[in-house]
Amino acid sequence: MLLSLIILFPLICALVMALLPDRRYLHKVALGMSVVEFLVGLVLYLKFDHNKTGLQFVEKILWIEDFGISYFLGVDGISIWLVLLTVFLQPIVVLASWSSINEKIKGYYVALFLLESAMIGSFITFDAVLFYLFWELSLVPMYFIIGLWGGERKIYATLKFFIYTMAGSIMMLVANGVMLLLAKETLGFYTTSLLDWYKIRIPFVGGEFFSPQTLLFFAYALAFAVKTPVFPFHTWLPDAHVQAPTAGSVILAGVMLKMGTYSFLRWVVPLFPEATQYWSWLFIVIGITGIIYGALMALVQNDIKKVIAYSSVSHMGYIIAGIFSLNELAMSGALYQMLNHGISTGALFLLVGMIYERTHTRDIVKYGGIAAQVPIYTVIFMIVTFSSIAVPLTNGFVGEFLILLGIYQNRPAWAAWAVAGVILGAGYMLWTVKRVFFGPAGQVVQDHGLHDLSQREILVMLPLVFLVFFMGIYPNYFLRLFEKGIIFLVENFHNYQLFSQITEGGL
Amino acid sequence: MKGLELFTTVTYAHFLFLSFVLFALGVLGVLLRRNLIVVMMSVELMLNAVNLTFITFAKALNQLDGQIFVFFVMTIAAAEAAVGLAIVVAIFKRFREVNIRFFQFLKG
Amino acid sequence: MSSELLFSLLIFAPLVGFAFNGLLGKKLGGHLYPGVIASVASFISFVASVGLFQLVSEQPEQAKYLVIHAFDWMQVGTFRLPVQFLIDPLSSIMILVITGVGTLIHIFSIGYMAEDPGIAKYFSYLNFFLFNMLILVTGDSLPLLFVGWEGVGLCSYLLIGFWYEDHEKAEAGMKAFIVNRVGDAAFLLGMFVLYSHFGTLNLLELNSLAPKEAIWNWLDPITIGTLLLFVGVTGKSAQVPLYVWLPDAMAGPTPVSALIHAATMVTAGVYMMVRLSYLYTAAPYTMIVVAAIGLLTAVLAATMGIVQWDIKKVLAYSTVSQLGYMVFACGVGAFSAAFFHLVTHAFFKALMFLGAGSVIYGMHHQQDIREMGGLNKRMPLTYWTFMIGWLSIIGLPPFSGFFSKDEIKWFALASDRGGNWIFWGLAWVGSLLTTFYMTRLMAYTFWRDKKYSADHQPHESPWVMTVPLMILAFLAATGGFLGIPHAIAQILPGHPNHWLEHWLKPVISLPTIKQGITVEYEWLLMGLSVVGSFTVAMVTRYLYLNRIDLIDRTRERFEVIHKVWVHKYYVDAFYQKYFVENLVLSSRDLWRYVDVGVIDRLVNKIADVTKELGRGFAWLQSGNMQNYAFITIIGLIIFVLFLFKG
Amino acid sequence: MKIVSLADIIVASPLILLVLGSLAPITTKVILGNREPRSFVTLMEGAVALVGSAILTASVYYLLTARGSYFAFNDLLIFDRLTMVTSVIMLISSVFVLILMKENPSSSGYGYAELTFLLLSSLVGGVTLVASYDFITTFLGLEVMSLPVYVMIGMGHDDRYSKESAIKYFVLGSFASAIFLLGVALMYGSSGTTSFEGLLKLGVEFISTNFVFLMGVTLVIVGLLFKVSAFPFQSWTVDVYQGAPTPVTSYMASVMKVASFVVLIRFVKLGYFASSTPLFELIQWVTVLTILVGNGGALVQQSIKRMLAYSSIAHSGYVMLGLMAYGLSEYSSSEELIKQNVLFYLLAYSVMTLGAFGVVSYLEQKEGAQLKVSDLRGLGRTRLGLALALSLLLLSLGGIPPFVGFFTKFYLFIHALDQGLVWVTVWAAVGSAMGIYYYLRPMVFMFMEEPSSNDQAGDASYFTWKPLTHLIAVFFSIVVITIGVFSRFVLEFIR
């Protein structure tokens with residue numbers, strides 16, 4: 001029931017938010033409830049047995065008999081981390097919204113909690129239709145968050161975000177149908193359970209594009225590639241990020257993009273092993289292109305949020321290249337990088353949001369020399385920047401190191417290109433930092449007397465900063481827990497039906 | 001002499017041909033005429049052409065079904081004419097206009 | 001005390017100092033506390049390193065090292081990366097140098113930075129630097145070394161840009177970090193290559209797994225790996241072609257230049273190569289490249305040093321040049337000589353930088369040597385200590401520079417790993433150039449008549465600054481006795497052996513002397529060096545003090561060369577133009593024309609085309625009902641044609 | 001030949017009840033001396049007749065025909081599960097249409113009694129249509145269903161749009177009926193029968209051997225496709241939907257569409273859509289183009305009703321997809337399932353479209369208001385409940401889970417894929433991705449655009465209070481979630 005609870009509780013939160021009569025307590029109640037949800041997540045984590053491979057806390061109820069669609073929840077060593085990331089970021093986001101969201105607060109929190117529910121749902125469901133349901137459902141609240149509380153071009157951005165993602169995933173719907181029929185054909189019954197699907201051997205012909213497995217592979221991959229976003233499907237991201245309110249950006253970068261990368265791990269790799277193997281080169285190329293391309297784009301942006309948005313594209317490139325390197329180093333690194341990116345990019349967006357509240361501009365040109373005005377802010381921003389450019393002892397390094405080492409193991413010559421991202425990453429981030437914080441005092445300093453972070457804002461950032469270091473210094477705490485998830489996946493992705501055999505019973 | 005049979009002996013084909021011609025005329029009327037009343041009459045013409053077809057077939061098949069069908073169609077056609085005329089009259093009262101080209105407000 | 005405890009003290013004392021100053025330093029207020037706290041932290045570290053040194057020396061000869069295991073850093077499948085530290089003869093000396101020189105510089109900084117409002121921040125960075133540097137030298141695997149490697153780069157970035165309000169300084173910090181990142185990226189790749197080949201990144205294991213025979217193959221993983229690591233070295237140790245950041249790094253406070261950009265951080269590259277001496281020896285092609293690059297750097301940097309007017313810039317180029325010597329020494333397999341020079345250089349260059357700092361402090365932040373002169377009377381302590389540094393760097397016996405440099409030059413000829421007369425000759429020329437520009441610096445700063453204006457009376461620095469100078473002067477003067485050359489040792493009573501070489505023997509690969517090179521050669525070379533340096537020094541001093549017109553005329557005569565030197569061989573300009581600007585401009589074009597112009601437009605175009613399609617459908621909806629009927633009939637006809645076609 | 005039996009009469013009693021019920025409002029009006037009775041009374045009369053008829057239908061099905069198929073009036077009418085389910089759906093939907101009419105400005109003044117009468121008469125045709133098992137009754141049903149609607153559309157008081165809409169629908173509708181009828185005639189002429197039973201016995205092969213018959217079938221299909229507004233016979237739909245008073249539009253989009261599709265279902269059952277026939281490929285194209293035209297046309301619409309009309313065309317396309325799968329699945333195990341899912345789609349679509357038009361009807365403050373999408377600006381502030389309801393309905397129409405629109409669409413996709421219609425399904429999916437844009441656009445205006453002073457939807461006092469319409473909209477918006485998530489119960493009913 002724990003998993004149902006973790007999905008349902010945010011829904012209840014949303015309901016409470018909607019019905020709460022007194023507007024004065026909205027912020028506080030939202031924070032309280034998100035903390036409770038975080039505690040639920042923590043309980044889940046503590047009760048999770050890391051020594052077991054397979055699913056835990058399984059809940060399975062047949063939902064639509066005709067097609068064997070079921071309400072099927074479970075967590076394994078991979079998804080638990082993303083659930084934790086989600087519930088961890090939620091209170092932070094809520095707290096960060098206290099001052100930035102001043103109107104339509106009620107609707108805002110309702111959307112935020114609905115979003116949380118949908119995102120967690122997509123991480124813990126093992127039923128294709130249910131997954132698709134959560135996947136699409138997560139778009140709706142985000143659509144409203146960007147569209148209602150966003151910037152000047154919010155409507156363009158939010159429509160682009162929604163339609164692009166939706167258009168990308170529509171083929172997944174068709175592919176789901178095909179998989180369902182394949183299940184019927186090979187297993188003899190309709191089922192949308194992922195565990196059953198793992199047992200399907202889909203015909204694959206290497207060089208042929210129109211072989212079933214290849215087509216299905218690309219149908220799913222397209223959906224996830226748009227969501228991730230992978231170059232060249234990334235152009236919705238800068239628009240969405242720039243226009244979204246702070247919380248929207250944080251959730252979008254922190255968790256929603258992970259839905260794409262996580263789904264690659266959960267769906268594409270084990271479901272279509274031969275195609276994955278065969279086409280891995282393509283995705284490594286795309287990933288590496290993304291790394292460099294994103295970095296180059298970030299280099300020339302004048303909007304701080306765009307810099308970070310393009311840096312996300314770059315980071316996602318690492319993750320994709322890592323996943324498709326198909327070895328345990330790169331994949332562990334990729335999963336680690338997912339968490340890292342959630343934390344460091346989330347933190348960057350939070351920080352940008354905080355300064356935006358003070359100056360109402362994100363134009364780098366107008367900044368300059370604010371370090372003297374806002375020392376604490378500067379320190380935190382620097383720490384997060386170093387995490388983002390993967391300086392050792394921050395979390396970013398661990399992820400990038402493992403990914404790059406993994407890519408090298410798979411394709412040595414290409415790793416050199418991926419490593420170029422390390423240089424460019426430092427380039428754009430430090431240049432941005434230099435232009436914003438250093439040098440002579442810029443226009444915003446002259447126009448506004450900037451005040452440093454308030455206690456609330458420091459409180460928002462502290463957990464993130466702590467994790468930046470903790471995950472950088474003692475990554476093994478996480479990495480050894482990846483063993484039963486990632487490493488099992490890597491070693492067995494060609495016969496992942498093993499996974500379904502060792503799935504644990506529910507709670 | 002064989003060629004003349006076409007004109008001397010009336011076969012079912014003749015009836016059918018006639019009905020198709022009538023039907024085609026009806027279609028053309030609907031497509032081309034501008035006056036609403038005429039268009040309505042063209043529709044009626046089409047229905048009656050079909051009636052003729054039915055009767056011909058009924059005769060040819062030696063069945064009554066087709067003939068009965070015609071009764072239904074005639075009833076419906078009458079009702080249709082009534083409704084249609086009513087609408088046209090209402091329109092004429094309102095707009096003083098029966099030109100079919102007048103009604104192009106709804107488009108796009 | 002146990003090694004773990006000592007080691008914890010070593011590492012955590014600066015870390016605690018960093019945290020304390022960083023979090024509370026500003027609240028405490030005052031200009032003294034942060035400096036004292038940081039210095040104490042650094043001193044505790046120094047004491048701990050003395051203790052560790054003692055512990056190492058007590059170890060048996062065949063296993064002369066201590067391993068301190070902390071925890072597992074990363075473990076993924078078969079890839080295991082423990083956080084494990086190695087204190088062996090090599091690193092024990094390194095930590096001594098780092099903490100020792102570091103402590104002195106900390107103390108010096110108390111005086112130097114006394115009036116800066118950001119003093120707490122300054123000292124916290126300095127402590128943090130020590131922490132990272134210690135990680136670098138004690139880490140027992142390449143990734144851990146890399147942690148320190150990037151960490152010190154980070155501190156360097158922060159300290160160069162310490163006065164960030166100044167646009168140039170902030171830029172210099174950024175430049176340092178990014179140029180270093182280029183090297184670091186290659187370093188990463190080098191690690192990957194080595195890991196894939198050896199299956200380990202542990203330094204000791206790498207050395208022991210390295211093949212005993214040299215592998216003459218460009219494409220061998222060891223060659224590639226070591227070359228890539230060497231690219232990292234060129235970044236960190238400011239070698240051609242990545243040396244450009246170091247002169248700019250002088251934007252930072254002078255003690256920082258002394259500590260980071262002279263004594264410790266920049267030598268990390270040399271340290272790393274000495275560490276992996278067995279691996280490097282196994283890749284002779286790499287060695288050739290290393291030697292060539294080192295020598296090239298040594299000579300080129302010296303030529304650029306000749307034309308600098310900024311006291312710190314002269315020292316900066318000198319540092320680059322000396323680093324070139326060290327790298328060159330590694331290249332000819334004389335790892336112990338390289339390390340020896342590393343140590344003595346740490347002493348005399350820190351001394352000279354601090355001396356320069358003292359001069360700058362005394363001159364009220366005037367750095368142009370043309371505005372100085374006659375300071376030997378105003379600042380006697382600074383002058384005399386600086387003098388020792390000068391004597392040391394130009395290689396006059398018995399000062400430390402003489403011993404280490406001479407050893408390098410000796411191996412340039414005598415090493416069986418590629419020593420030859422050309423190497424020696426270039427090295428000798430380089431050292432004469434060094435003598436020339438250092439003497440020039442002395443002449444301008446101290447010996448010449450005073451040039452400063454009357455209202456800026458220079459004054460001697462307070463004791464917090466001069467005491468470290470004196471200690472360093474002592475070290476610079478005597479440090480050479482750590483490694484007395486064999487030739488001299490033979491004639492000395494008791495035949496003291498080359499202590500450093502002996503001490504390092506268990507951990508590094510030592511070269512042997514080529515066949516046919518006898519001890520007489522060593523005397524000859526020594527003589528040539530000493531006589532050459534002494535002559536050049538005297539002539540230079542004479543020229544600058546008495547015949548400045550001759551200098552000026554020579555400069556006019558060789559205007560072209562002078563210009564090239566002043567413009568640093570146009571390397572900076574080249575990078576700026578062809579890498580930085582082109583990258584930014586082409587990225588901008590890429591963004592404008594590809595990202596916005598093609599990719600995004602394509603996305604929007606698809607939407608537009610779809611909309612146009614819709615508009616087309618809507619256009620069919622003309623509003624004329626006869627058209628509709630017509631469409632219906634056309635549809636019907638198409639249906640019929642379709643059905644009856646086959 | 002058997003004579004009409006009592007059982008036939010009983011089975012047809014819902015129809016009779018409808019006929020009698022339809023007379024009640026106008027009789028009341030006559031009794032009151034040609035004064036409009038109170039609209040509530042009329043509504044109750046109509047609703048009682050409709051609900052009564054629905055109950056009667058269900059009880060006849062469950063009690064008398066014992067859940068089997070019953071052929072009445074010499075096989076002219078069939079009363080089976082399909083008839084029962086669709087009749088009930090249509091009858092109940094009509095109650096909601098009546099409610100919309102009561103509060104809509106186009107019908108709330110005089111003429112409500114007449115409208116009720118016409119609606120019920122039309123339903124007589126509709127129910128006949130879904131029960132028809134012979135082309136005679138099909139034609140009869142079609143016409144009886146359509147004729148009152150011509151009048152209903154034209155009954156707008158002073159609105160040129162409604163008049164234009166009426167005349168267009170009338171001319172084109174009769175035109176299509178004539179074509180349909182010619183088709184029936186040709187089929188009759190070549191096969192000697194017009195009954196479905198007879199055609200079934202004739203076999204599918206007949207269509208490939210007899211050109212006249214093929215011609216007849218083609219014409220019949222054209223006529224039917226016209227009724228369900230499939231491409232290229234969709235032209236009338238948009239104009240008529242837009243011009244007609246909103247409640248009537250909702251009636252056409254839900255009830256009439258369901259009825260027309262039921263005929264198609266029965267027609268498909270004859271086997272003419274199977275892959276062996278030449279029609280097969282043609283219908284594929286029709287399906288794809290219907291979806292694309294519907295979704296594409298809606299993209300550029302400013303008028304809400306017009307947009308919903310295009311959306312209606314697109315949804316016809318999806319149903320066609322299901323119908324094709326149904327046609328291909330003959331005698332396979334999934335046949336019943338497909339039919340059931342097609343029906344589910346129709347039911348869901350009725351609910352969604354009724355709800356959406358309900359909101360439109362709520363917003364209309366005067367006759368022929370011709371609301372634009374941009375008129376919704378600011379609705380999120382003044383009528384949050386309504387705005388949310390419309391959002392949910394539109395998301396459901398767009399096929400976003402967990403709303404019912406997604407499930408129904410997904411099921412049909414599965415069936416189509418199962419029957420090998422892969423490329424059609426892919427196009428259908430593309431079309432549904434296209435559709436998202438216009439389903440989202442109203443939400444942009446309702447919530448995201450700031451209302452200016454002349455935007456009436458942004459002014460709370462602008463709206464008259466229409467409690468029942470409001471209730472319907474909200475109710476249906478809840479329904480689209482619940483029957484989406486708990487579709488099992490609905491499917492149980494449809495099965």
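All figures in this text were calculated on a predicted structure; none of them were measured in a lab. Residue numbers begin at 1 in each chain, while the letters A, B, ... track the order of the sequences.
Atom CZ of R80(C) has more than 12 neighbouring heavy atoms from other residues, nucleotides or ligands inside a 6.0 Å radius. Residue-environment remark: CD (E168(C)) stays at or below the threshold of 12 foreign heavy atoms within 6.0 Å. F630(C) CZ: 12 or fewer foreign heavy atoms inside a 6.0 Å radius. Open room surrounds CH2 on W285(D); 12 or fewer heavy atoms of other groups in view lie less than 6.0 Å from it. Heavy atoms of other residues, nucleotides or ligands lying less than 6.0 angstrom from CZ of F71(C) number more than 12.
For the pair Y628(C) and V238(D), the minimum side-chain heavy-atom distance is 4.5 Å or more. With contacts defined as side-chain heavy-atom distances shorter than 4.5 Å, the pair P232(D)/F639(C) qualifies.
Residue contact with chain C, scored on non-hydrogen atoms closer than 4.5 Å, involves the backbone and the side chain of V293(D) alike. Both the backbone and the side chain of I167(D) have a heavy atom closer than 4.5 Å to some heavy atom of chain C. With a 4.5 Å cut-off on non-hydrogen atoms, L172(D) touches chain C through its side chain but not through its backbone.
Of residues 306-319 of chain D, those residues lying under 4.5 Å from chain C by any heavy-atom pair are R306(D), Y310(D). Against chain C, the residues from residues 426-445 of chain D that qualify, each with a non-hydrogen atom under 4.5 angstrom away, are M434(D), Y437(D) in number order.
Taken to the nearest 0.5 Å, the OG1 atom of T632(C) stands 6.5 Å off from the CD1 atom of I179(D). Note that the CG atom of N624(C) and the CG atom of D239(D) stand 10.0 Å from one another [nearest 0.5 Å].
Among E612(C), Q621(C), Q626(C), the residue with the largest count of heavy-atom pairs under 4.5 Å with chain D is Q621(C). Heavy-atom pairs under 4.5 Å with chain D peak, among I638(C), I634(C), N627(C), T610(C), at T610(C).
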Legend entry - Stepwise side chain to side chain contact (heavy atoms under 4.5 Å, CB included) check, W236(D) with M625(C): CA-CA 8 Å; W236(D) 61 276; M625(C) 69 183 97; over 6 Å; no
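Residues K611(C) and V300(D) share a closest heavy-atom pair of O-CG1, 3.4 Å. The nearest pair of heavy atoms linking L636(C) to F233(D) is N-CE2, 4.0 Å. Taking all atoms of both residues into account, the shortest heavy-atom contact from Q301(D) to A618(C) is NE2-CB, 3.9 Å.
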